[in-house]
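Working notes, beginning with the structure itself.
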Amino acid sequence: MVKLLTGASCAAILIASQTQAATVTIGDGVVYPANGLDGGQIDAGRSGNGSVTIDGGDVVTLESGTSSEEFAARPKIDVGDGGVGTVTITGLGTTVNLNGTNSGSKLEVGTFVGNAGTLEVLDGATINMTDDGPISGDDNENVFLQFGEDQADGTLRMNNGTINASGHSRVGLLVGVHGNTAIAGNGVIDMTDSTIDMTNLTTTRESFMVIGDQSNGTADISMVNSDLTMTTPNGSTYIGLGTDGGFGDISMVSTSNFTVNADGIDAVFGEGAGSRAIMSVQTGSTATLHSTGEVNLEVGRSAGSQGVVLVGSGGLFEVHGTSGRVQIGSDSATAESGSATLFVSDATFDSNVGIQLGSAFSGTNNQTGEIRMNTGVVRAPEVVVGTGGSITGTGTIDAVQTVLSGGSISAGFSPGILEFTGDLELRSGSMLFEIGGTAPSLFDSILVGGRLFATDIFDIEISFIDGFLPSETDSFELFRADSIDSSFFSFANFSSDSPFSFENNNGSLSLSFAEVSPVPVPAGLPMLLTALGVTAILRGRRRTTLNGN
């Protein structure tokens with residue numbers, strides 16, 4: 001049954017057969033098939049306020065027109081293009097087919113300043129979007145799902161619904177984007193027990209997702225026990241979450257799946273000054289970027305951007321490809337502030353390409369790139385902690401090699417254990433150990449499954465916390481490694497008159513105190529310098545110093 005509801009007065013009702021709806025108009029609700037040049041279309045809120053409801057197991061098929069103009073020829077659902085509109089497709093078996101022939105097909109919800117559109121796919125209903133294959137010289141076969149453009153509000157609400165989109169030229173998901181104006185719109189996708197499946201069969205045009213774009217455009221995708229998939233077996237896929245000053249947010253709970261399969265993947269979370277991106281993968285959900293070629297994930301790509309990836313509560317984030325890298329924080333030397341964080345809590349981030357934290361460039365850099373863990377696992381062939389980069393918390397870095405190269409490593413959250421399954425190489429940067437007592441649970445420690453060695457000068461900072469001060473003969477096992485190279489001591493030995501000393505006992509490296517200086521030492525004062533410039537700093541939380549002042 002096709003229902004057209006509106007608050008406006010009834011102008012005309014034209015009813016044809018149920019198998020192919022004729023033009024039916026009540027106020028601003030319209031459903032019509034292809035007619036000459038124009039493709040079939042469902043309109044609501046195009047020149048006023050109105051709504052369309054399709055239910056009862058009806059199957060409505062909209063075909064392409066014959067026009068060479070993409071916008072005229074393609075079948076589409078157009079909601080909130082010149083007013084406020086709602087299109088509801090609901091009920092088991094209820095289906096809308098948008099069959100693009102030489103034109104592609106489109107969902108266009110919320111377009112132009114001040115307008116608002118809502119598309120609902122509920123209770124077993126389905127939308128199918130297709131094109132029939134590329135034509136030589138034709139660039140119009142695009143299959144787009146678009147919600148919120150040019151300062152308009154666009155919402156997709158799905159509950160036990162399905163959208164299938166398959167194309168041969170370009171397949172794209174656009175949420176909170178700009179088109180004809182410099183300011184983007186506001187887009188929302190709210191999915192519960194639902195599926196969006198997009199497939200691009202082309203060999204020449206990339207698939208893409210743009211989620212939160214341009215001049216404070218906002219996009220929110222909420223997934224509850226739902227699947228969002230983009231497959232491009234013969235081409236590449238671009239994912240932009242929070243780009244060019246926009247805000248993008250993807251939240252996944254209750255075993256949801258966000259999956260991208262392609263021949264190449266470039267995913268950017270936070271690009272451009274003022275951009276903000278958040279991706280949350282929790283409660284058994286999985287995010288997968290799987291490429292048969294190169295894969296790149298960049299979080300907080302540009303100076304002034306902010307990017308967060310949160311994997312928690314049994315969640316899994318996978319990045320797999322034959323080459324590429326994961327970049328957390330802008331890989332540039334810049335004074336403009338920005339930040340990127342990969343937070344893994346009781347969950348796993350699994351990459352088969354290397355991870356770079358912060359910048360590979362030395363010098364002034366106000367960008368930060370952090371891995372923060374709470375009993376989490378981060379897996380990669382190599383992890384490099386560059387300028388502005390850091391690893392903090394408790395958990396496991398499961399890498400063949402981890403390199404400290406200008407950044408910082410700090411175990412625990414006052415205190416805790418940080419484990420590196422492979423080699424740990426110390427080139428430059430700093431390591432902070434907090435000590436609140438002599439029991440193993442009261443001071444930070446680092447476990448190294450491979451070699452612990454140094455290739456350049458680095459800093460070790462010791463901070464006594466919670467009022468604790470060491471006594472003579474106290475010892476703290478800061479490192480435990482499979483093997484400790486003599487290079488570590490070359491770069492980390494303290495001066496001969498220091499009360500500190502390192503003791504190596506078969507790979508157990510402890511910090512010991514032969515005596516405690518009776519001279520008051522202000523908190524934060526550099527205490528000990530080796531000839532090579534290594535520093536041990538006594539810092540006091542709650543103003544603690546060596547003599548307790």
Is S194 reaching over with its side chain to a backbone N or O of M191, donor-acceptor style, under 3.5 angstrom?
no
Whether D456 and R427 form a salt bridge (side-chain N of Lys/Arg under 4.0 Å from carboxylate O of Asp/Glu) is what I want to check.
no
Quick one: are H178 and I183 in side-chain contact, heavy atoms under 4.5 Å?
no
We want to know whether D266 and N296 form a side-chain donor-acceptor pair, criterion being a heavy-atom distance below 3.5 angstrom.
no
For residues M198 and T229, determine if any side-chain heavy atom of one lies less than 4.5 Å from a side-chain heavy atom of the other.
no
Shortest non-hydrogen contact from D444 toward L478
O-CD2, 3.7 Å
Spell out, as yes or no, whether a donor-acceptor pair under 3.5 Å connects the side chain of S445 to the backbone of I417.
no
Step by step, work out the side chain to side chain contact (heavy atoms under 4.5 Å, CB included) result for V378 and M373.
CA-CA 9 Å; V378 173; M373 293 193 293; 3.7 Å; yes
Exercise: do D213 and T243 side chains pair donor with acceptor under 3.5 Å
yes
Less than 3.5 Å apart, any donor N or O on the side chain of Q327 or Q356 sitting next to an acceptor on the other?
no
Between S510 (side chain) and S512 (backbone), is there a donor-acceptor pair under 3.5 Å?
no
Which heavy atom of A262 sits nearest a heavy atom of T237, and at what distance?
CB-OG1, 3.5 Å
Nearest non-hydrogen partners of N257 and M223, listed with the distance:
O-CE, 3.3 Å
Atom pair CZ (R276) and CG (D249), whose distance is rounded to the nearest 0.5 Å:
7.5 Å
May I ask you to check whether E425 and T455 show a side-chain donor-acceptor distance below 3.5 Å?
yes
Is the F343 to F349 ring centre distance short of 6.0 Å?
no
Report yes if some heavy atom in the side chain of I397 is under 4.5 Å from a heavy atom in the side chain of T421; otherwise report no.
no
Hey, are the side chains of F476 and T438 touching, using non-hydrogen atoms and a 4.5 Å cut-off?
yes
Please report the closest heavy-atom contact between V353 and R325, naming both atoms and the distance.
CG2-CA, 3.7 Å
Evaluate side chain to side chain contact (heavy atoms under 4.5 Å, CB included) for H290 paired with E318, printing each intermediate quantity in order.
CA-CA 8 Å; H290 186 274; E318 296 180 306; over 6 Å; no
Is there a side-chain contact between M209 and F258 in this structure, where contact means two heavy atoms from C-beta onward sitting under 4.5 Å apart?
yes
S305 (side chain) donor-acceptor with S302 (main chain) under 3.5 angstrom
yes
Any N374 side-chain heavy atom under 4.5 Å of T394 side chain
yes
Look up atom CD1 in I221 and atom OG in S256, then write down how far apart they are to the nearest 0.5 Å.
11.5 Å
For the residue pair L289 and T259, establish whether any side-chain heavy-atom pair is separated by less than 4.5 Å.
no
Validation row: I211, I250 side chains within 4.5 angstrom (heavy atoms)
yes
So how far is it from I391 CD1 to I409 CD1, rounded to the nearest 0.5 Å?
5.0 Å
If we ignore angles and hydrogens, is there a donor and acceptor under 3.5 Å between the side chains of T218 and N186?
yes
Establish, from distance only, whether the side-chain atoms of T232 and N200 form a donor-acceptor pair under 3.5 Å.
no
For T341 and I328, work out which heavy atoms get closest and say how close.
N-CG2, 4.2 Å
Examine F479 together with F433 and report whether their ring centres are nearer than 6.0 Å.
yes
Give a yes or no on this: more than 12 heavy atoms of other residues, nucleotides or ligands lie within 6.0 Å of atom CZ of R480.
no
State whether the side chain of D423 and the backbone N or O of Q401 hold a donor-acceptor pair below 3.5 Å, judged by distance alone.
no
Is the closest side-chain donor-acceptor distance between E370 and T368 under 3.5 Å?
no
Please state whether the rings of F458 and F488 are parallel, tilted or perpendicular, taking 30° and 60° as the class boundaries.
tilted
Does the S236 side chain pair with the main chain of I265, one donor and one acceptor, at a distance under 3.5 Å?
no
Test log, rule ring-ring contact (aromatic ring centres under 6.0 Å, His included), inputs F208 and F144
CA-CA 10 Å; F208 60 88; F144 290 164; 5.6 Å; yes
Closest non-hydrogen contact found for S414 with I465 is CB-CD1, 4.2 Å
To the nearest 0.5 Å, what is the distance between CD1 (I446) and CZ (F420)?
5.5 Å
Test side chain to side chain contact (heavy atoms under 4.5 Å, CB included) on V281 and L316 and set out the steps.
CA-CA 7 Å; V281 185; L316 173 64; over 6 Å; no
Checking L173 against I189 for the side chain to side chain contact (heavy atoms under 4.5 Å, CB included) test, could you report, in this order, the C-alpha distance in whole Å, the side-chain angles of both residues, the deciding distance, and whether it holds?
CA-CA 11 Å; L173 174 66; I189 296 179; 4.0 Å; yes
Is a side-chain N or O of D150 found less than 3.5 angstrom from the main chain of A184, in a donor-acceptor match?
no
Could you grab the distance from atom CE of M431 to atom CG of L404, nearest 0.5 Å is fine?
6.5 Å
Report the distance from atom NE2 of H320 to atom OG of S351, rounding to the nearest 0.5 Å.
7.0 Å
Take D485 and R451 through the test salt bridge (Lys or Arg N to Asp or Glu O under 4.0 Å) and record every step on the way to the result.
CA-CA 7 Å; D485 288 15; R451 297 166 55 212; 2.6 Å; yes
Under the 3.5 angstrom rule, does the side chain of D398 hit a backbone N or O of V377 as a donor-acceptor pair?
no
Can you tell me if T231 uses its side chain to pair, donor with acceptor, with the backbone of N261 under 3.5 Å?
no
Distance-only side-chain donor-acceptor flag, S463 / E434, under 3.5 Å:
no
Tell me whether S275 contacts the main-chain N or O of G272 through its side chain, where contact means a donor paired with an acceptor under 3.5 Å.
yes
Any luck finding a side-chain donor-acceptor pair between D346 and T375 under 3.5 Å?
no
